[in-house]
Amino acid sequence: MKRKPSTEATAAWIRLMRVQGRVLDAVEQELKKAGFPPLAWYDALVELSRAPSGEMRPVELEKQMLIPQYSTSRLIDRLVEEGLAARRECKVDKRGQFVEITEAGRELQKKMWSSYSAAIEKHVGSKLSDADAVKLCGLLDRLGCSCDEARAPAVKEAATAR
């Protein structure tokens, strides 16, 4: 017989899902108020900008996305239509392709960071001390989320955007 989650574990799950949804919604609203596209656009652009040569295969991009992205191909289509990314055929495997960030995509990603970082501070940073944030990262690491992987790019991002 499989063990059932404790009442406490179930309560933690419910809180985790609710806070994740609420904070993401709040961040999305902040970006929208500032006149920016959805967070998924930023997420895709930042992943492309971090990739060697600014390009990735679509499947790699989907794996790297910080937020669930079930329609990566439609997102890529929108980024290409807006001139923020370009599709490029793989020279080795003619059936494969790469998605590459454009200069316009890099510019939008940098502009979005100012609103995105302010939203992170408003909805997370202002509510947690740095010690609390470290503790939360440790707890999330135990659930399989590596805050160390997320921390380095975020710190680099903040420095680059200044």
Side-chain angles (χ1 to χ4, degrees), residues 13 16-125 133-134 136-162:
W13 169 255
L16 182 62
M17 292 298 98
R18 285 182 181 163
V19 76
Q20 185 258 0
R22 288 178 183 155
V23 171
L24 271 178
D25 287 346
V27 169
E28 287 279 9
Q29 289 306 310
E30 298 284 338
L31 289 173
K32 189 175 182 179
K33 274 195 282 187
F36 290 118
L39 183 56
W41 288 40
Y42 176 86
D43 193 20
L45 292 171
V46 79
E47 291 304 330
L48 289 170
S49 71
R50 291 179 186 152
S53 304
E55 64 184 21
M56 302 174 89
R57 289 188 179 263
V59 69
E60 294 169 333
L61 178 60
E62 185 174 3
K63 288 178 187 173
Q64 289 299 113
M65 299 283 287
L66 293 175
I67 58 178
Q69 185 49 258
Y70 304 111
S71 54
T72 305
S73 61
R74 280 188 296 186
L75 174 63
I76 292 169
D77 288 344
R78 288 185 203 120
L79 294 174
V80 170
E81 285 171 20
E82 294 295 324
L84 304 171
R87 292 183 192 273
R88 191 175 62 70
E89 186 181 84
C90 178
K91 291 179 175 119
V92 177
D93 174 9
K94 297 291 183 190
R95 294 172 295 157
Q97 64 176 248
F98 285 94
V99 179
E100 182 176 29
I101 191 169
T102 64
E103 212 38 58
R106 289 183 192 280
E107 289 299 315
L108 178 62
Q109 180 248 316
K110 287 176 185 171
K111 288 177 185 173
M112 286 181 77
W113 176 244
S114 63
S115 292
Y116 186 23
S117 63
I120 292 169
E121 176 56 27
K122 179 179 179 180
H123 299 288
V124 179
V134 168
L136 180 58
C137 282
L139 292 169
L140 293 171
D141 283 351
R142 289 171 46 191
L143 295 177
C145 170
S146 178
C147 288
D148 289 337
E149 288 175 11
R151 185 176 185 276
V155 170
K156 181 182 175 194
E157 184 69 30
T160 304
R162 290 184 190 158

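Because only heavy atoms are used, hydrogens play no part in the values below, and waters and symmetry mates are left out as well, while side chains stay in. Because the structure is predicted, anything quoted here is derived from the model rather than measured.
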Is any side-chain heavy atom of Glu100 less than 4.5 Å from a side-chain heavy atom of Ser53? no

Considering non-hydrogen atoms only, spot the tightest contact between Ala44 and Leu79 and give its length. CB-CD1, 3.8 Å

When rounded to the nearest 0.5 angstrom, what distance separates CD in Glu55 from CZ in Arg88? 4.0 Å

Any donor and acceptor pair, going by atom type alone, linking the side chain of Ser115 with main-chain N or O of Met112 inside 3.5 Å? no

Asp77: side chain to side chain donor-acceptor pair (under 3.5 Å) partners, not counting sequence neighbours: Arg87

Separation between CD (Glu47) and OH (Tyr42), nearest 0.5 Å, reads 9.5 Å

Where do Pro58 and Gln97 come nearest, in terms of heavy atoms and distance? CD-O, 3.4 Å

Taking atom NZ of Lys63 and atom OG1 of Thr72, what is their separation to the nearest 0.5 Å? 11.5 Å

Tell me whether Glu81 is salt-bridged to Arg78, with the criterion being a basic N under 4.0 Å from an acidic carboxylate O. no

Taking atom CG of Asp25 and atom CG of Leu39, what is their separation to the nearest 0.5 Å? 10.5 Å

Non-neighbouring partners of Glu30 that pass side chain to side chain donor-acceptor pair (under 3.5 Å), sequence neighbours left out: Lys122, His123

Below 4.5 Å, heavy atoms only, C-beta onward: do Leu75 and Met65 meet side chain to side chain? yes

So do the side chains of Phe98 and Leu48 get within less than 4.5 Å of each other, counting heavy atoms only? no

Spacing of Ile101 atom CD1 and Leu45 atom CG [to the nearest 0.5 Å]: 4.5 Å

Sequence neighbours left out, what passes side chain to side chain donor-acceptor pair (under 3.5 Å) with Arg74? Give chain and number order. Ser71

As an exercise, state the distance from CZ of Arg22 to CG of Leu24, rounded to the nearest 0.5 Å. 13.0 Å

Is Glu28 reaching over with its side chain to a backbone N or O of Pro38, donor-acceptor style, under 3.5 angstrom? no

Within-4.5 Å side-chain heavy-atom neighbours: Leu84 and Pro37: no

Which pair of non-hydrogen atoms, one from Ala119 and one from Val27, has the smallest distance, and what is that distance? CB-CG2, 4.0 Å

